[in-house]
Amino acid sequence: MTENAWTRWPSREALGREAITRPRRVLGWTVRLSACAVLLWSAFSHRHVGIWGALAAAVGVVVAVLAAWAVFWTTYEHRLLRSLALMGVLLAIAVAAQATGFRIAALVIFCACGVSALQRFPLAVAGPLAAIALTAYCAFDNDAWLTTAVTVAGMALAGYVLRLDAEARGSAQRLLAQERAALAAEAESAALTERARIAREIHDVLAHSLSAQLVHLEAARLLIENGAERERILERVVAARGMARDGLAETRQALSALRGELTPLEDFLTELVSPAGNAEVTVTGERRPLPAEASQAVRRVAQEALTNIRKHAQGAKVLLRLDYSEHEVTLDVRDSGGSPGELTASGGGYGLLGMRERAELLGGSLAAGPDEEGFVVTLKVPV
């Protein structure tokens, strides 16, 4: 429910002192101290009141200062009744000062009450309260009516201008706090996104590495069950160990890539297919650096596709094509078809599913299925 502008308090940011600059604070304290000096001078400059009268006036000045200080805090806490009671105390002190001959002190307090009311109270209360204080000023002021009218108008204008200035300062402070909160939330979101990215990257590396190890370990198991020669079994075990070593290297490479230390994608693909001997890499389009996420997606899909070919199409010829277009990069991995090996049933079959999820997170797509000769995997990632 929206608050009425007439009954709404100035915000605490506007009534507080946090956003006030040092020069403004110095000016404010100068005005306050000057007002206190005038009150004290008025208390001790009237010889007709005697020493006890002067001391009583000094006590009145102290009470007035304490009441004004209390008004600052009660209005800051938006406590209307207490604030009105304290303003009543100040006006009563001013009336008593006027009645006992301390005219200057009374006029200073009347003006201060009028300005403070317009600056710190809801408008519905500030208007009548300022009218009472400034009317009392007019009633007790002995200057010419024009001078009095100009002074009253100036005090009213000063109070309202101070109110508007405080509201603007409070709004700026609230916007700054909101901006800081938004930046903190953005930083936290970026940290969570980065953690998810690292977790996904490590998951893909380990999934690929463990899948490749499983291929050779499953082969070793089958060879043992079939009573194969020791050398063939040892070859598979050594290959699994090499895959574990390569997995660690790939993990380090993934972490380096996340830090922006990426090797050229074309060189990576060439090194990836070089051990096979029956694979060819073709690059078309204008070569250019890719964002880290897109580059990592291409690398992981290429690794997963080659692992699947080794599992399901042994001896197949592989054609790997990387195409740079204006708005996307396309990776096409296809094999010529090979004999389904003894390892066709090994592995969990979740590699391409994970790659498809990675591509969709980047706004791309991944298609995988048989073609006329063998199997084809096509990744498209916008860049």
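This is a predicted model, so every value here is computed, not measured.
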Ignoring hydrogens and angles, tell me if any N or O in the side chain of [X] forms a donor-acceptor pair with the backbone of [Y] under 3.5 Å.
X: Ser189; Y: Ala185; answer: no
X: His78; Y: Pro10; answer: yes
X: Asp335; Y: Phe375; answer: yes
X: Ser83; Y: Arg79; answer: yes

Without placing hydrogens or testing angles, list every side-chain donor-acceptor pair under 3.5 Å for residues 114-135, not counting sequence neighbours.
residue, atom, partner, partner atom, Å
Ser116, OG, Ala112, O, 2.9
Arg120, NE, Thr75, OG1, 2.8
Arg120, NH2, Leu15, O, 3.3
Arg120, NH2, Phe72, O, 3.0
Arg120, NH2, Thr75, OG1, 3.2
Thr135, OG1, Ala131, O, 2.5

Same apolar cluster (I L V M F W Y, side chains within < 4.5 Å links), [X]/[Y]:
X: Trp6; Y: Leu80; result: no
X: Val71; Y: Val89; result: yes
X: Phe140; Y: Tyr137; result: yes
X: Val333; Y: Leu362; result: yes

Within the structure provided, determine whether [X] and [Y] are in side-chain contact (heavy-atom separation under 4.5 Å).
X: Val150; Y: Thr148; answer: no
X: Arg287; Y: Tyr324; answer: yes
X: Ile109; Y: Ile93; answer: yes
X: Leu175; Y: Glu179; answer: no
X: Gln303; Y: Phe268; answer: yes
X: Leu320; Y: Glu280; answer: no
X: Leu322; Y: Val298; answer: yes
X: Leu265; Y: Arg299; answer: yes

Minimum heavy-atom distance between [X] and [Y], given as atom pair plus value:
X: Leu269; Y: Ala302; value: CD2-CB, 3.7 Å
X: Cys113; Y: Met87; value: O-CE, 3.4 Å
X: Ser325; Y: Arg288; value: O-NH2, 2.6 Å
X: Asp323; Y: Gly285; value: OD1-N, 4.3 Å
X: Ala106; Y: Ala94; value: CB-O, 3.2 Å

Spacing of [X] atom [atom1] and [Y] atom [atom2] [to the nearest 0.5 Å]:
X: Leu217; Y: Leu222; atom1: CG; atom2: CG; result: 11.0 Å
X: Ile224; Y: Arg230; atom1: CD1; atom2: CZ; result: 11.5 Å
X: Trp145; Y: Thr147; atom1: CH2; atom2: OG1; result: 9.5 Å
X: Thr330; Y: Lys380; atom1: OG1; atom2: NZ; result: 5.5 Å
X: Thr270; Y: Glu266; atom1: OG1; atom2: CD; result: 8.0 Å
X: Leu379; Y: Glu328; atom1: CG; atom2: CD; result: 9.5 Å

Let me know which of Val301, Leu290, Val329 forms a side chain to side chain contact (heavy atoms under 4.5 Å, CB included) with Val381. Val329

Pair Asp332, Val376 - check side chain to side chain contact (heavy atoms under 4.5 Å, CB included), show working. CA-CA 7 Å; Asp332 188 85; Val376 60; 3.5 Å; yes

With a 4.0 Å cut-off on N to O distance, would you call [X] and [Y] a salt bridge?
X: Asp165; Y: Arg163; result: no
X: Glu229; Y: Arg232; result: no
X: Arg356; Y: Glu360; result: no

More than 12 heavy atoms from other groups under 6.0 Å of CZ on Arg180: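 Not more than 12 within 6.0 Å, no.
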
Residues, nucleotides or ligands: over 12 heavy atoms within 6.0 Å of Arg82 CZ: no

Note: with side-chain heavy atoms under 4.5 Å as the link, the other cluster members for Leu157 come out as Val161

